[in-house]
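Down below is the structure, laid out as structure tokens.
The model shown is predicted, which means the values in this text are computed figures rather than measured ones.
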Amino acid sequence: INMFDRLYKIRYKGEAVIDSNPFAPVQTRVQQQVKTRERSTTTTFQPGGAIKTQERKSDDGEVEYETRNIQPEKFMLDPFSATYLVRGFDWKVGMVKIFDVFPGKSQYEIRLKCEKLVMLDMGGTKRLAWVIIPTAVNLDPEKQAETAKKSQANLKIYLSADEQKDVLKIDASHMLGNLTVFLDRFQPSIYQANAAK
């Protein structure tokens, strides 16, 4: 990672608070660093459906703050609660699920299609996994045209076809290159561990 850092330093940390009954996002916090640019975003999902985003951006000592408030027409998820929801479905080949997501700036319709069932070798352990293909459409008509001109990353999410429904692997390919992320380990939070007792 040290050699990669010298070429292109990237850091990302995301946290989410999700209400389980009824299922709804409460707040997300995301910290990103790309080279010398840093961005910290907090998005709060309020009970009436309103969403407030507070963002702090810095680049070479210059700091900017921005606050955005929206009142979406539909129920919105954040990317973390959307991922959690994906793990709750009983997937079958050909199945499609659609929902709306707000990552912090724009509203998107996310369409997930279960493409196939494959066997993955996870460090010597074979695990069956559903291959889920996500596609995103910006719900702002002006930005749809702008997005259509850009090439989008091809994503594949490999979700274990067992009770755990772990995200085992994510493949992303783009004109800039390919990225593959593997599940190394899962450790329950202190809250999950206490609830299990």
Checklist entry - Going through the distances and angles, do I157 and V167 end up as a side chain to side chain contact (heavy atoms under 4.5 Å, CB included)? => result CA-CA 7 Å; I157 300 168; V167 177; 4.0 Å; yes

Item to check | Members besides V137 in its Ile/Leu/Val/Met/Phe/Trp/Tyr cluster (side-chain heavy atoms under 4.5 Å) | outcome: none

Checklist entry - How would you list, by chain and number, every residue that makes a ring-ring contact (aromatic ring centres under 6.0 Å, His included) with F75, sequence neighbours excluded? => result none

Checklist entry - Which residues satisfy the salt bridge (charged side-chain N to carboxylate O under 4.0 Å, His left out) test with R68, sequence neighbours excluded? => result E55, E66

Next on the checklist: If hydrophobic residues (ILVMFWY) are linked whenever their side-chain heavy atoms come closer than 4.5 Å, directly or via other members, who joins V63 in its cluster?
Outcome noted: Y65

Checklist outcome for this item: With sequence neighbours left out, the residues meeting salt bridge (charged side-chain N to carboxylate O under 4.0 Å, His left out) with E109 are none

Next on the checklist: Which residues pass the side-chain contact (heavy atoms from CB on, under 4.5 Å) test with T42, not counting sequence neighbours?
Outcome noted: Q27, R29, T44

Checklist entry - Going by atom types alone, do T36 and D59 pair a side-chain donor with an acceptor below 3.5 Å? => result yes

Checklist outcome for this item: With sequence neighbours left out, the residues meeting salt bridge (charged side-chain N to carboxylate O under 4.0 Å, His left out) with K74 are D100

Next on the checklist: Tell me if the NZ atom of K113 is crowded by more than 12 foreign heavy atoms within 6.0 Å.
Outcome noted: no

Next on the checklist: Checking D60 now: which residues fulfil salt bridge (charged side-chain N to carboxylate O under 4.0 Å, His left out) with it, not counting sequence neighbours?
Outcome noted: none

Item to check | Sequence neighbours excluded - salt bridge (Lys or Arg N to Asp or Glu O under 4.0 Å) pairs with any residue from residues 156-165 | outcome: D90-K165, R127-D162

Item to check | Connected hydrophobic set around M76, excluding itself, where side chains approach under 4.5 Å | outcome: F45, I51, I70, F102, L139

Identify all side-chain donor-acceptor contacts of residues 91-98 below 3.5 Å with residues at least two apart in sequence or on another chain.
| residue | atom | partner | partner atom | Å |
| --- | --- | --- | --- | --- |
| W91 | NE1 | V86 | O | 3.0 |

Checklist outcome for this item: Apart from F80 itself, its cluster of hydrophobic side chains linked below 4.5 Å comprises Y12, V30

Checklist outcome for this item: So OG1 of T83 and CD1 of I132: to nearest 0.5 Å the spacing works out to 12.0 Å

Next on the checklist: For the CD atom on Q71, are there more than 12 heavy atoms of other groups (residues, nucleotides or ligands in this structure) within a distance under 6.0 Å?
Outcome noted: yes

Item to check | Stepwise side chain to side chain contact (heavy atoms under 4.5 Å, CB included) test for D166 and L159 | outcome: CA-CA 6 Å; D166 293 323; L159 185 72; over 6 Å; no

